[in-house]
Amino acid sequence: MTGETLLSVQGLTKQFQTRNGTVKAVDGVSFDVKRGTIVGLVGESGSGKTTAGRCTLRLVEPNDGRIVFDGVDLRTLSEREMRAYRSRLQIIFQDPYSSLNPRLRVDQIIGEALDIHRPVRGSARRDRIAELLHRVGLNPDAARRYPHEFSGGQRQRIGIARALAVEPDFIVADEPVSALDVSVQAQVLNLIQDLQQDFGLTMLFIAHDLSVVEYLCDEVVVMYLGRVMERGPSREIYAMPRHPYTQALLSAAPLPDPAADRRRIVLKGDIPSPLDPPSGCVFRTRCRYAVEACAEIVPPLEDVGSNHHVACIRHGDPEVISQGLTL
Amino acid sequence: MTELPDDTVLRVSDLRTHFELGSRVAKSVDGVSFDVRRGETLAVVGESGSGKSVTSLSIMRLLSSPGRIVGGNILYRTSQGQVIDIATLPERKMRAVRGRELAMIFQEPMTSLNPLYTVGDQIVEMIRLHEPLSTADARRRARRMLELVEIPAADRRLDEYPHQMSGGMRQRVMIALALSCNPNLLIADEPTTALDVTIQAQILDLLRRLQREIGMSILFITHNLGVVAEIAHDVVVMYTGRVVEKSPVASLFAHQKHPYTRGLLACIPNASRDRGGAGERLRLNPIPGNVPPVTALPPGCSFAPRCSYRIPQCDEAPPLMAAGPSHLSRCWRHEAL
């Protein structure tokens with residue numbers, strides 16, 4: 001089954017009106033997710049990765065673009081029709097403290113999802129909840145307890161059990177391990193992989209931790225100021241990033257090895273205001289390779305082979321290419 | 001008691017900071033010792049509940065009730081060369097030390113800057129609190145400080161409020177504020193945790209440059225071993241209020257002599273180690289279980305219940321033992337590692 005495209009996002013755009021003007025949080029984002037794979041969506045604060053993830057599930061209504069899930073453009077569905085799809089599309093949130101209702105017991109939290117999409121009663125319902133808890137590594141007695149009685153890692157497991165309750169095909173995981181301590185993070189990453197393999201799940205994994213994404217994801221989409229800078233197979237992107245932003249981002253991640261010989265590219269300045277993004281390439285104001293043309297042309301995502309796409313007019317320049325090789 | 005080797009700025013010995021909650025006592029810091037050498041960076045690394053932040057707040061004497069230093073010394077050499085014990089210094093004298101001799105920066109600069117005053121006013125206030133300068137002179141120094149931390153258009157930025165700046169810019173302001181009275185020792189508590197990686201790289205670069213230029217010593221508190229590898233000369237690894245391993249940075253990353261440190265490094269995903277020949281994912285090796293609360297520590301070695309090297313002797317609490325040149329480990333089996 002792997003290989004077939006389950007989700008295809010095309011030209012996704014979301015604008016927010018603010019007092020000070022329009023913010024294009026997501027600006028023409030396109031990517032595909034093949035069935036049974038994990039695609040990483042990476043970027044720094046303000047890159048639009050979280051909004052893109054929510055638009056994909058229509059939790060935030062996009063202004064434009066197509067979201068083709070299993071052959072159907074989700075944007076053409078009415079609210080009512082969309083509801084039928086909700087059980088196939090789930091989300092896991094970053095903060096396991098604010099994403100669980102503190103007034104509900106764990107069995108109510110998981111049961112609520114079941115009641116809406118996969119209603120079962122009585123002992124079958126209890127068994128199903130116990131099975132889900134077992135599947136995410138929690139004791140069955142967790143069912144009668146409240147979220148505050150659990151640690152961050154355990155709460156994240158509850159959130160995962162809730163998402164799995166409705167047997168989804170596709171999960172958006174929005175920074176699911178960022179709030180956890182490293183030792184617990186590895187436990188949850190192992191769980192995510194097991195579930196992905198056992199249930200053949202397809203995932204969009206939103207993260208800022210580049211080593212987690214390199215390890216977990218089959219493909220990577222790199223965003224900056226609402227646009228995709230580069231996307232492709234993770235192995236290829238990590239071995240040889242072609243976009244100057246990806247190169248800088250990868251070189252900035254601290255490695256737990258003091259002997260590593262790093263050539264760090266330190267970017268100047270901050271991400272520009274999304275209210276007034278630079279013309280042409282949005283990254284040009286911080287790019288060491290920027291030329292005059294970068295201010296005029298919005299660089300299209302170009303295929304550089306093996307499904308690797310780069311949005312940079314200088315991507316073929318030997319200087320830029322060799323930079324990607326020296327990281 | 002008031003002796004300190006010449007190259008040492010701060011010596012924490014057997015520090016104990018406890019929180020008394022009714023009949024229960026949380027021994028958040030329980031016998032911690034380390035030295036910070038002049039012009040160097042000591043990183044204190046640990047997960048939530050390790051006591052790393054309480055250690056730094058104890059040194060600044062910023063503990064909130066019911067937290068209290070109940071034992072040990074914090075010897076500090078002032079810029080006049082006098083050695084004082086911060087652990088027992090009267091609060092009135094501490095006020096002259098805090099900010100001037102020892103300065104601190106925090107994880108979230110927004111909560112440590114006052115939102116109602118411009119950054120210029122806040123830096124000027126800090127300078128005038130410790131030094132007899134006119135407002136105009138203090139403002140000139142404030143501008144120089146912003147330039148030192150590479151804030152562009154420093155003159156204009158002085159009149160801005162914290163909310164008008166980005167997270168990276170605010171952390172630079174915090175550093176400028178901290179350094180404005182030329183402290184000997186900067187305590188940085190997770191200063192880059194809330195920042196994006198490209199901004200984190202800028203701030204680490206800045207701290208390294210400032211250390212080189214002004215020769216300040218840094219106590220760097222973090223949970224991120226990648227950041228430790230970048231910035232530290234020496235490393236202290238804490239777990240449940242105790243030091244479990246202490247070593248120069250190169251030696252720590254080359255040979256971990258405590259199973260906890262080894263486990264922490266094994267947990268960080270690393271594609272070249274954790275992916276097989278065909279690119280398939282191998283399982284990560286997490287440390288099982290959770291960090292126990294300091295109010296309910298197991299007897300003996302507090303890491304033993306999660307440790308794969310555990311032997312019966314671990315029921316007895318291990319002391320810090322020599323495990324190599326300048327390398328200490330609180331593990332009975334450090335030789336087997």
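Below, chain A is the first sequence line, B the second, and so on; all start at residue 1. FYI, side chains are in, hydrogens and waters are out, and symmetry mates aren't considered; it's all heavy atoms of this structure.
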Item checked: Interchain contact, A:L250 with chain B, by part (heavy-atom threshold 4.5 Å) -> neither

Next item on the list: Measure the spacing between CD1 of B:I268 and CG of A:L255 and express it to the nearest 0.5 Å.
Entry: 10.0 Å

Margin query: Tell me which of these, B:L282, B:L195, B:V291, has more heavy-atom pairs under 4.5 Å with chain A than the rest.
Written below: B:L282

All donor-acceptor atom pairs under 3.5 Å, backbone and side chain, chain A-chain B:
unit_1	atom_1	unit_2	atom_2	d
A:E44	OE1	B:T198	OG1	3.2
A:E44	OE2	B:T198	N	3.2
A:E44	OE2	B:T198	OG1	2.6
A:S45	N	B:D196	OD1	3.1
A:S45	N	B:D196	OD2	2.9
A:S45	OG	B:D196	OD1	3.1
A:S45	OG	B:D196	OD2	2.5
A:D181	OD1	B:S48	N	3.3
A:D181	OD1	B:S48	OG	3.1
A:D181	OD2	B:S48	N	3.2
A:D181	OD2	B:S48	OG	2.5
A:S183	N	B:E47	OE2	3.2
A:S183	OG	B:E47	OE1	3.4
A:S183	OG	B:E47	OE2	2.8
A:S183	OG	B:R306	NH2	3.4
A:Q187	NE2	B:I287	O	2.7
A:Q187	NE2	B:G289	O	3.0
A:N190	OD1	B:L284	N	2.9
A:N190	ND2	B:L284	O	2.9
A:D194	OD1	B:R283	NH1	2.5
A:D194	OD2	B:R283	NH1	2.9
A:Q196	OE1	B:R281	NH2	2.8
A:Y215	O	B:R275	NE	2.9
A:Y215	O	B:R275	NH2	3.0
A:Y215	OH	B:L282	O	2.5
A:L216	O	B:R281	NH1	2.7
A:C217	O	B:R275	NH2	3.1
A:R235	NH2	B:G277	O	3.4
A:R264	NH1	B:E230	OE1	2.8
A:R264	NH2	B:E230	OE2	3.0
A:L267	O	B:Q202	NE2	2.5
A:G269	O	B:Q202	NE2	3.0
A:D270	OD2	B:S166	OG	2.7

Check: Of all heavy-atom pairs between A:A186 and B:C267, which one has the smallest distance, and what is that distance?
Finding: CB-O, 3.7 Å

Check: In chain order, what residues pass the salt bridge (charged side-chain N to carboxylate O under 4.0 Å, His left out) check against A:R231, with sequence neighbours excluded?
Finding: none

Next item on the list: Let me know if A:V266 has heavy atoms under 4.5 Å from chain B in its side chain, its backbone, both or neither.
Entry: side chain

Margin query: Taking side chain to side chain contact (heavy atoms under 4.5 Å, CB included) as the definition, give me every residue that meets it alongside B:A176, ordered by chain and number, with sequence neighbours left out.
Written below: B:I123, B:M145, B:L146, B:V149

Next item on the list: Kindly give the heavy-atom pair with the smallest separation between B:P269 and A:L189, and that separation in Å.
Entry: CG-CD1, 3.8 Å

Margin query: Quick check: closest heavy atoms across B:A201 and A:A252, and the distance to 0.1 Å?
Written below: CB-CB, 4.0 Å

Margin query: Please classify the contact between A:I271 and chain B as side chain, backbone, both or neither, with a heavy-atom cut-off of under 4.5 Å.
Written below: neither

Notebook entry, point to check: Which bit of B:I287 is near chain A, if near means a heavy-atom gap under 4.5 Å: side chain, backbone, both or neither?
Noted result: both

Note to self: Taking every non-hydrogen pair under 4.5 Å, which of A:I265, A:L216, A:V188 racks up the most with chain B?
What the structure shows: A:L216

Next item on the list: Report the option among A:G152, A:A248, A:A260, A:G269 that has the most heavy-atom pairs separated by less than 4.5 Å from atoms of chain B.
Entry: A:G269

Notebook entry, point to check: Side chain, backbone, both or neither: which part of B:V228 has a non-hydrogen atom closer than 4.5 Å to chain A?
Noted result: neither

Item checked: Selection from A:G46, A:A253, A:P256, A:G153 maximising heavy-atom pairs under 4.5 Å formed with chain B -> A:P256

Check: Which answer fits B:P152, side chain, backbone, both or neither, if we ask what part of it has an atom under 4.5 Å from a heavy atom of chain A?
Finding: neither

